[in-house]
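Quick note: numbers below take in every heavy atom, side chains included, and nothing from hydrogens, waters or symmetry partners. Lettering of chains follows the sequences in order, A, B, ..., and the numbering in each one begins at 1.
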Amino acid sequence: MFHNSSQKKFWTFKNEDELEKMRCMANEKFRRKALESGKHAVSEALFLERYEEDAVFRHYERRLLDFCIAFKPVMPKSVVGTALMYFRRFYLNNSVMDYHPRIIMLTCAYLSCKVDEFNVSSTQFVANLLQETPAGQERVAEQILEYELLLIQQLNFHLVVHNPYRPMEGLLIDLKTRYPTLENPESLRKSADDFLSQAALTDAGLLFSPSQIALTSILNSASRAGLNMESYLTECLGLKEDKETLSKLYESMRRMKTLLKKYELPKQEELSFYKQKLERIHAEFATSSNKRKRGYEEDGHVAKEPRLTEEVGYFFPHFLI
Amino acid sequence: MDDQGCPRCKTTKYRNPSLKLMVNVCGHTLCENCVEMLFVRGSGNCVQCDTPLRKSNFRVQLFEDASVDKEVEIRKKVMKIYNKREFDFSSLRDYNDYLEQVEDIVYNLTNNIDVENTKLRMEQYQRENKDIIQRNKAKLTREQEELEELLLLEQQSNEQRRLEVLQEEKRQLQAKRKSKQALLDELEQSQLPATILLAQHKVRAAQLETQIEQQKQNVKPTSLFSTGIQIGQTVSLQPLPRIQEVLYQYKPLQVETYGPPAPDLEQLSRFGYLNHVRTAMPQDTAGGYTSALACYRAIQDAFSGLFPLKG
């Protein structure tokens, strides 16, 4: 259950500033590592800024979502939610410059299938990468297997993710049973679902508990339909006396809605610029920091040279100093 | 026993199941015939490892794996020297260390590892602990004697009992015969009518039977309990020391869910929750699934962690 889960203990944070701090630290760590490695063509301009990293992250997150939606056989929602959460958690402590999101996103999806007991063999999995040749698919499969352990390690082996889908179902059942004021809770389901899918693309999962997210989604869709559900909170959930909790609950719901509103997809031109920068960095530093280790010894990182197959790295002459 | 053949004459073992295998100090097997053969010619070398052997060193094999026999031999020899007992040591740890030493030695000698050093160690130990070894040897012989005495006593008492039972039976037979004889005599001589005599005889026979029964049931009083305590010996009847501990009190588990309380599994149907859950198909209920389980899980998940933490 969520209340004694590792998600509550280790992966739920107080506010967005904390998250931003962690991501900045990851960025700094990579910069320091790159500068210390003593490469000649290194300059500050080469590195990605925080907002650039964010844009790249959101882009690849979107791609992960699309991949999961287009997946055959059909992926259950919880698997998709888990994959997105893994992706988000991984890049909380690591920078996109360190590990390319292209591989990490596939590894997240693969691991999520395993953890959520959605049985897909690795060959079946990579067969969903339609733009690759079978040989390319095999290579991707190898890469996924190489990065899998790293991903698990960076998740601190906390693999169980509690998604808000089941709490939403539970709340709907509760509404139908105990809240006759609301005539047709089923009508709320569709927009609540949309809210949840949108919330999965934000930091909501790292800041609030899944039941809070579910409750917010239902109240949101109710207010959209013009229905007032305050009495549900006060009567059925027993919050009539507890004003403090009630106000805190409203507060968190407001914050969550703000998060959702703030979300936007990165613009295309800027995005391609950032992606080129990213490829450049990976080409520069990945070769030096990757000592080909077949076993997972030493600093525990399984590193591998990124295959620049899909997105060809352009070596722009005017980037050289 | 058929899976092992004699390495020399190979076939003879299978042909002759009564043939015994002998083992020597190097752990290799030879059938009886081959042993004779080998020593008739005067040379005494093992077929497989070429160690010089003596005929007396061959013992009948007791175990299927000859290496086990070899180890048993070695162990016997080692134990003759390393014969300390548990109470010779001050702590359990020391005793265990000593035992481990012994095992190491036996292992080394069996697998021909470091034989020289091991033998040196043994000799050294023997020299150092000569008196302890002697004392323990004496103790061992004493113990063995005692055991043998006990065994003898048991045997003797068994014998006696058997004889007594036999004698009893004989006596009973005799008594029966006598009464029969008496009946015949009386029928000859006495004046009473035959029926009365027969009736009398029957009564007497019945009495004899009951007597025999009683005797059988008469348990001979022994003087000794099976544990060795004398009957009638006063044993300390002090009550055992009572160990009072705090009694276990069951307290149901309290779990903090950080949310509103969820109804119990059993109450779900009563409150009408189950109307809103998909009913379980017969295939599902066969495995023990009920719709209440899914409903309960959903409700629990919905309420778990719902309230933000205070403070």
Side-chain angles (χ1 to χ4, degrees), chain A residues 1-5 7-9 12 14-15 78 162-180 185-186 207-219 232-240 242-256, chain B residues 107 111 113 245-311:
Chain A
M1 296 276 96
F2 175 75
H3 50 259
N4 50 14
S5 67
Q7 182 171 339
K8 178 167 186 297
K9 279 196 209 124
T12 306
K14 288 211 192 47
N15 47 36
S78 59
H162 294 269
N163 288 301
Y165 307 109
R166 210 187 290 120
M168 191 194 75
E169 301 283 344
L171 282 174
L172 284 175
I173 295 173
D174 198 41
L175 282 174
K176 289 176 202 167
T177 316
R178 290 202 293 169
Y179 196 57
E186 273 302 310
L207 297 168
F208 306 105
S209 74
S211 47
Q212 285 171 345
I213 303 177
L215 186 61
T216 315
S217 75
I218 296 214
L219 287 181
Y232 176 66
L233 289 175
T234 46
E235 302 293 334
C236 299
L237 298 182
L239 287 176
K240 207 179 351 179
D242 202 345
K243 292 281 180 254
E244 195 192 331
T245 318
L246 194 57
S247 61
K248 281 223 186 92
L249 206 52
Y250 280 130
E251 174 72 32
S252 8
M253 293 204 272
R254 223 171 13 86
R255 278 167 59 196
M256 216 186 300
Chain B
Y107 182 80
N111 299 340
I113 303 170
E245 280 180 356
V246 179
L247 286 179
Y248 172 70
Q249 296 278 13
Y250 170 70
K251 291 194 191 63
L253 190 63
Q254 300 280 24
V255 178
E256 173 66 61
T257 61
Y258 303 103
D264 280 335
L265 186 61
E266 297 84 22
Q267 299 171 327
L268 279 177
S269 63
R270 198 151 33 100
F271 290 149
Y273 282 96
L274 295 183
N275 303 334
H276 307 292
V277 193
R278 183 166 55 100
T279 26
M281 315 273 273
Q283 297 99 302
D284 304 327
T285 46
Y289 171 81
T290 57
S291 59
L293 287 169
C295 185
Y296 188 49
R297 182 76 195 272
I299 300 281
Q300 269 189 322
D301 253 349
F303 289 164
S304 159
L306 192 52
F307 296 154
L309 288 173
K310 296 198 201 302

ask   = Are any non-hydrogen side-chain atoms of A:D174 and B:Y273 less than 4.5 angstrom apart?
value = yes
Rounded distance [0.5 Å steps], CZ in B:F307 versus CG in A:L215 = 9.5 Å
task = Quick one: pull up CD in A:E169 and CZ in B:R297 and give me the separation to the nearest 0.5 Å.
result = 13.0 Å
query = Taking A:S209 for the side chain and B:G305 for the main chain, is one N or O donor matched with an acceptor at less than 3.5 Å?
reply = yes
inquiry  = Using a 6.0 Å cut-off, check whether atom NZ of A:K14 has over 12 heavy atoms from anything other than its own residue.
reply    = no
key: B:V255 versus A:H3, closest heavy-atom pair with distance   = CG1-NE2, 3.5 Å
message = Does atom OH (B:Y107) have a neighbourhood of more than 12 heavy atoms from anything else shown, all under 6.0 Å?
response = no
Reported CZ-to-CG distance for the pair A:F2 and B:L306, which is rounded to 0.5 angstrom = 10.5 Å
Choice from A:M168, A:Q212, A:M1 maximising heavy atom contacts with chain B below 4.5 Å = A:Q212
message = Counting heavy-atom pairs under 4.5 Å with chain A, which one of B:G272, B:P261, B:C295, B:G259 comes out on top?
response = B:G272
ask   = Can you tell me how far the CD1 atom of B:I299 sits from the CG atom of A:L171, to the nearest 0.5 Å?
value = 8.0 Å
key: Part of A:K176 within contact of chain B (heavy atom distance under 4.5 Å)   = both
ask   = Any idea which heavy atoms bring A:P167 and B:A302 closest together, and the distance?
value = O-CB, 3.4 Å
ask   = If only atom types and distance count, is the side chain of A:S211 paired as donor or acceptor with the main-chain N or O of B:F303 below 3.5 Å?
value = no
